[in-house]
Amino acid sequence: MSTPSTRSTVEHLDRGPLSRDEMAAVVARDIPDGSFVNLGIGQPTSVAGHLRPEAGVVLHTENGMLGMGPEAHGDEVDPDLTNAGKVPVTEPPGAAYFHHADSFAMMRGGHLDVCVLGAFQVSASGDLANWHTGAPDAIPAVGGAMDLANGAKDVFVMMTLFAKDGSAKLVPTCTYPLTGVGCVSRVYTEVALFDVSGPEVVVLETWGTSVDDLAARLDVPLHRAG
Amino acid sequence: MSTPSTRSTVEHLDRGPLSRDEMAAVVARDIPDGSFVNLGIGQPTSVAGHLRPEAGVVLHTENGMLGMGPEAHGDEVDPDLTNAGKVPVTEPPGAAYFHHADSFAMMRGGHLDVCVLGAFQVSASGDLANWHTGAPDAIPAVGGAMDLANGAKDVFVMMTLFAKDGSAKLVPTCTYPLTGVGCVSRVYTEVALFDVSGPEVVVLETWGTSVDDLAARLDVPLHRAG
Amino acid sequence: MSRTQFHSGVTAAEAADAALAASGITSGMTVLVGGFGMAGMPVDLIDALIRHGADELTVVSNNAGNGDTGLAALLAAGRVRKVVCSFPRQHDSWVFDGLYRAGKVELEVVPQGTLAERMRAAGAGIGAFFCPTGVGTLLAEGKETRVIDGRDHVLETALRGDVALIKAHRSDGVGNLVYRKTARNFGPVMATAGAVTVVQVDEVVPTGALDPEAVVTPRIYVDHVVDLSTTTGQTTAPTTAPTTEEPQA
Amino acid sequence: MSRTQFHSGVTAAEAADAALAASGITSGMTVLVGGFGMAGMPVDLIDALIRHGADELTVVSNNAGNGDTGLAALLAAGRVRKVVCSFPRQHDSWVFDGLYRAGKVELEVVPQGTLAERMRAAGAGIGAFFCPTGVGTLLAEGKETRVIDGRDHVLETALRGDVALIKAHRSDGVGNLVYRKTARNFGPVMATAGAVTVVQVDEVVPTGALDPEAVVTPRIYVDHVVDLSTTTGQTTAPTTAPTTEEPQA
């Protein structure tokens with residue numbers, strides 16, 4: 001883990017759960033200055049807007065660029081310059097382009113510090129399920145999810161803690177097909193931040209709820225930090 | 001084989017053996033127009049001077065260049081631009097540089113048409129020995145020899161047919177440590193050109209001697225072409 | 001022997017048709033198709049492949065077609081027996097979705113980085129490699145695994161194509177290529193993994209106009225270049241200083 | 001977290017000493033040393049390594065030293081326990097030759113392309129690979145072999161370094177690198193295979209002055225840059241137009 005979880009658990013009981021924007025801000029807060037980071041498609045992309053420019057975080061996009069700039073608008077839009085979500089982006093000074101094999105070598109070789117991904121489920125031991133619902137009629141599509149899950153030094157997951165049907169997404173064992181085994185370091189949700197990198201699940205922070213309340217709603221044993 | 005050996009054996013009995021320069025010219029003659037070629041260190045390097053410019057042969061040097069130019073002289077000498085023998089060379093239009101892993105990927109991947117190497121011994125089945133004398137006090141040093149032997153579509157060997165002690169260098173089985181197994185297509189010597197790519201050794205051409213004379217001096221069965 | 005051939009014509013279609021014909025592509029072959037979404041997709045070459053008529057193709061590409069053009073049109077024309085890709089399911093992949101659900105096309109899903117690395121291995125003469133990606137997942141089922149340096153790895157094999165169709169930005173007169181920004185993506189890797197590589201370029205510049213330090217795909221990997229600048233009005237003026245040497249087209 | 005650190009000083013030796021100290025190199029480590037002969041050899045960094053004092057080193061480099069400088073001087077100083085290389089025996093490798101014959105240094109000979117590919121694998125997260133080079137030779141003895149697509153292959157493992165010492169031509173202000181001609185050789189591969197990479201450059205140019213399409217080693221692989229232009233009189237004027245932005249040194 002790049003950011004040791006030696007701080008004591010903090011329960012923010014004087015407020016409600018985090019908004020999606022606040023979740024992105026919390027993730028951005030926890031990315032160390034100077035990190036090389038890959039932000040997955042979807043909600044993780046929103047983390048970029050919360051990174052302080054002076055923090056010197058360098059973004060990697062797996063379609064072949066290091067030092068990716070913000071989303072492009074108007075005349076800046078160039079169909080040959082996109083992020084992994086195929087959204088047009090910009091080229092700041094200090095950027096570099098490379099082909100797909102080199103790009104995934106950078107990832108698989110463990111050179112990225114942090115990658116932020118969405119998830120269907122995360123297990124207590126850090127298994128990740130985010131590519132396949134397991135539905136018999138679903139067309140499987142993995143993209144770079146497995147490469148990202150296995151490549152970065154730290155994998156941060158951003159997700160709601162509960163699915164629309166009310167079931168928990170932090171689970172003893174994933175029931176969806178796995179993306180990676182034991183690969184997740186931390187899980188950022190609207191109500192709590194979990195460290196799943198060690199032998200037990202540690203709650204680092206809560207918002208609008210307490211560790212005890214969460215423990216009653218989840219099937220995984222929770223521990224406090226510090 | 002890029003150049004099928006369907007022509008009949010030619011015996012040049014009205015002259016003596018080839019000089020080193022004539023050997024290089026014969027090798028150059030047999031390199032098809034437009035080929036991508038790697039010339040090994042030592043005698044094979046001299047083939048370059050016999051390639052017709054209009055033949056469009058493109059030279060590869062394993063230290064990281066395609067489209068290598070002739071040896072550099074005087075003000076052209078640049079210590080950052082050398083061939084695999086560490087001799088300064090030049091950069092003609094259309095050249096490209098790449099790193100060592102990419103350079104040997106080009107070779108190992110079978111993209112070169114011809115490579116020309118020296119040898120201690122070649123076996124009747126095309127085994128090559130050119131990196132190690134097997135002497136107990138010899139310091140082993142292989143360089144790119146094994147990569148070259150296994151990489152090019154055709155491996156041409158240039159060597160004298162007999163060692164200084166009079167022993168033949170085209171042998172039933174190599175006694176020196178091997179560089180590659182069954183990798184040699186053709187053997188160019190001062191007295192004969194052999195095709196060793198098939199199940200039997202075929203003499204394509206002789207200089208200053210006859211196939212019958214050679215057959216009497218070698219331990220490998222020789223066949224005529226055509 | 002693999003000196004690069006250049007193709008141009010009155011229309012882009014004529015040039016692309018000539019290149020496809022010269023590539024030797026036939027039914028049942030494996031075709032590598034560049035691009036990440038539409039960036040780097042060789043649309044003119046795919047259109048020529050449709051006109052060419054080869055079918056029962058295995059197509060290797062990151063996606064399985066967008067909208068109704070490019071790969072999607074090739075699929076719609078019924079020319080594809082199997083798709084090897086990392087991400088077929090997209091919001092606009094209706095052509096593939098329909099064929100797949102109807103059982104009319106096979107699918108092999110490969111993690112994106114493994115897809116690139118398998119083609120890189122093919123081009124580099126590596127028969128197979130042990131890779132940590134996918135271990136413990138459905139995509140590693142049935143594959144050999146091994147612990148190396150304390151970490152689980154799965155064995156992945158080289159993936160080669162009979163023909164690679166890619167898009168680059170510029171070629172010089174002998175077939176050296178450069179790309180534009182993230183449109184580079186799979187092009188350089190596929191160029192090495194295809195037995196025959198066909199590339200469409202925005203323009204051909206004089207030999208000597210590309211910086212040898214900046215060439216991404218050396219000419220040895222390029223068999224046929226389709227020069228779209230001779231046929232379309234979309235190209236921009238060369239930004240590199242032209243030399244007096246003409247392309248050897 | 002691996003933001004590139006820049007080192008400069010009144011003398012080249014001071015800058016190199018600071019970089020070596022910051023690299024965390026210690027006795028017993030594996031050091032990757034760039035260069036093919038003298039082209040691309042990071043002589044200033046090797047000299048700093050000699051002054052640093054770390055010993056019992058395993059050195060991975062294409063050759064085993066030429067003459068009495070660079071790697072040869074490191075060997076002569078008795079700091080090297082083992083050499084991993086493709087071609088130790090040269091006309092001017094008398095320092096290595098003497099140590100080897102006296103039994104004072106171990107030698108592992110690796111085919112040149114396999115040496116490069118093993119480091120490429122280490123940098124790319126590939127644990128091992130099946131390779132046709134060396135099959136049936138002394139250098140494949142004891143190694144696992146396998147027939148793939150009808151061809152014999154031998155299994156080769158990733159080769160990583162604790163520290164890589166390389167030479168490049170230019171760095172920008174954030175650590176992106178470009179090389180010069182065939183001096184590029186092992187530098188880009190070693191940069192990816194070293195846990196910590198230290199590079200000596202002829203000069204540091206402003207960030208934005210390197211073409212992003214032409215960067216060979218992206219900044220992520222570069223931990224320490226020793227800027228020799230601040231200390232020597234050998235550098236030439238930048239040929240790329242400088243911007244108003246200063247290197248973030």
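None of these values were measured; they are calculated from a predicted model. Each chain gets a letter, A, B and so on, in the order the sequences are listed, and its residues count up from 1.
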Anything under 3.5 Å between chain A and chain C that's a donor-acceptor pair? List each one with its distance, please.
{"from": "A/Asp78", "atom 1": "OD1", "to": "C/Arg180", "atom 2": "NH1", "distance (Å)": "3.2"}
{"from": "A/Asp78", "atom 1": "OD2", "to": "C/Arg180", "atom 2": "NH1", "distance (Å)": "3.2"}
{"from": "A/Asp78", "atom 1": "OD2", "to": "C/Arg180", "atom 2": "NH2", "distance (Å)": "2.5"}
{"from": "A/Asp80", "atom 1": "O", "to": "C/Thr182", "atom 2": "N", "distance (Å)": "2.9"}
{"from": "A/Asp80", "atom 1": "O", "to": "C/Thr182", "atom 2": "OG1", "distance (Å)": "2.8"}
{"from": "A/Asp80", "atom 1": "O", "to": "C/Ala183", "atom 2": "N", "distance (Å)": "3.3"}
{"from": "A/Asp80", "atom 1": "OD2", "to": "C/Arg180", "atom 2": "NH1", "distance (Å)": "2.9"}
{"from": "A/Thr82", "atom 1": "N", "to": "C/Thr182", "atom 2": "OG1", "distance (Å)": "3.0"}
{"from": "A/Lys86", "atom 1": "NZ", "to": "C/Asn63", "atom 2": "OD1", "distance (Å)": "3.3"}
{"from": "A/Lys86", "atom 1": "NZ", "to": "C/Gln90", "atom 2": "OE1", "distance (Å)": "3.0"}
{"from": "A/Glu91", "atom 1": "OE1", "to": "C/Lys181", "atom 2": "NZ", "distance (Å)": "2.7"}
{"from": "A/His100", "atom 1": "N", "to": "C/Asn185", "atom 2": "O", "distance (Å)": "2.9"}
{"from": "A/His100", "atom 1": "NE2", "to": "C/Gln112", "atom 2": "NE2", "distance (Å)": "2.8"}
{"from": "A/Arg108", "atom 1": "NH2", "to": "C/Gly113", "atom 2": "O", "distance (Å)": "3.2"}
{"from": "A/Asp137", "atom 1": "O", "to": "C/Arg101", "atom 2": "NH1", "distance (Å)": "2.4"}
{"from": "A/Ile139", "atom 1": "O", "to": "C/Arg89", "atom 2": "NH1", "distance (Å)": "2.8"}
{"from": "A/Val142", "atom 1": "N", "to": "C/Ser86", "atom 2": "O", "distance (Å)": "2.9"}
{"from": "A/Gly143", "atom 1": "N", "to": "C/Ser86", "atom 2": "O", "distance (Å)": "2.9"}
{"from": "A/Gly143", "atom 1": "O", "to": "C/Gln112", "atom 2": "N", "distance (Å)": "2.9"}
{"from": "A/Gly144", "atom 1": "N", "to": "C/Gln112", "atom 2": "OE1", "distance (Å)": "3.0"}
{"from": "A/Asp147", "atom 1": "OD1", "to": "C/Gly113", "atom 2": "N", "distance (Å)": "3.1"}
{"from": "A/Asp147", "atom 1": "OD2", "to": "C/Gln112", "atom 2": "N", "distance (Å)": "3.3"}
{"from": "A/Asp147", "atom 1": "OD2", "to": "C/Gly113", "atom 2": "N", "distance (Å)": "3.2"}
{"from": "A/Asn150", "atom 1": "O", "to": "C/Arg151", "atom 2": "NH2", "distance (Å)": "2.8"}

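- A/Asp195 and A/Ser197 share a donor-acceptor pair across their side chains, judged by distance under 3.5 Å alone.
- Per-residue heavy-atom pair counts under 4.5 Å with chain A were compared for C/Gly40, C/Ala39, C/Pro111, and the maximum is reached by C/Pro111.
- Contacts with chain A were tallied for C/Ala64, C/Gly113, C/Ala116; C/Gly113 has the most, counting heavy-atom pairs under 4.5 Å.
- Taken from CZ in C/Phe96 to CG in C/Leu71, the straight-line distance is 11.0 Å, to the nearest 0.5 Å.
- Residue with the most contacts toward chain C among A/Ala101, A/Gly151, A/Ala105: A/Ala101 (heavy-atom pairs, distance under 4.5 Å).
- Only the backbone of C/Val135 comes within less than 4.5 Å of a heavy atom in chain A; its side chain stays farther off.
- With rounding to the nearest 0.5 angstrom, the CZ atom of A/Arg52 is 5.0 Å from the CG atom of A/Asp33.
- In this structure, the side chains of C/Val33 and C/Pro42 come closer than 4.5 Å at one or more pairs of heavy atoms.
- The environment of A/Asp75 atom CG is sparse: at most 12 non-hydrogen atoms of other residues, nucleotides or ligands sit within 6.0 angstrom.
- By number of non-hydrogen pairs under 4.5 angstrom with chain C, the leading residue of A/Met65, A/Met107, A/Met146 is A/Met146.
- The greatest number of non-hydrogen atom pairs below 4.5 Å with chain C, out of A/Leu81, A/Leu178, A/Ile139, A/Leu148, is found for A/Ile139.
- Contacts of C/Leu115 with chain A are absent, with no heavy-atom separation under 4.5 Å from either backbone or side chain.
- For the atom pair CG (A/Leu204) and NE2 (A/His223), the distance works out to 13.0 Å, reported to the nearest 0.5 Å.
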For a side chain to side chain contact (heavy atoms under 4.5 Å, CB included) check, start with the C-alpha distance between A/His50 and A/Asp21, then their side-chain angles and the critical distance, and finish with the verdict. CA-CA 9 Å; A/His50 295 276; A/Asp21 201 51; 2.9 Å; yes

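- Remark: side-chain polar atoms of A/Thr45 are paired, donor with acceptor, to backbone N or O of A/Gly40 under 3.5 angstrom.
- Contact check for C/Pro88 versus C/Leu107: side-chain heavy atoms found under the 4.5 Å cut-off.
- Between the CZ atom of A/Phe36 and the CE atom of A/Met106 there is a distance of 8.5 Å, given to the nearest 0.5 Å.
- Of the atoms belonging to A/Pro79, it is backbone heavy atoms, and not side-chain ones, that fall under 4.5 Å from chain C.
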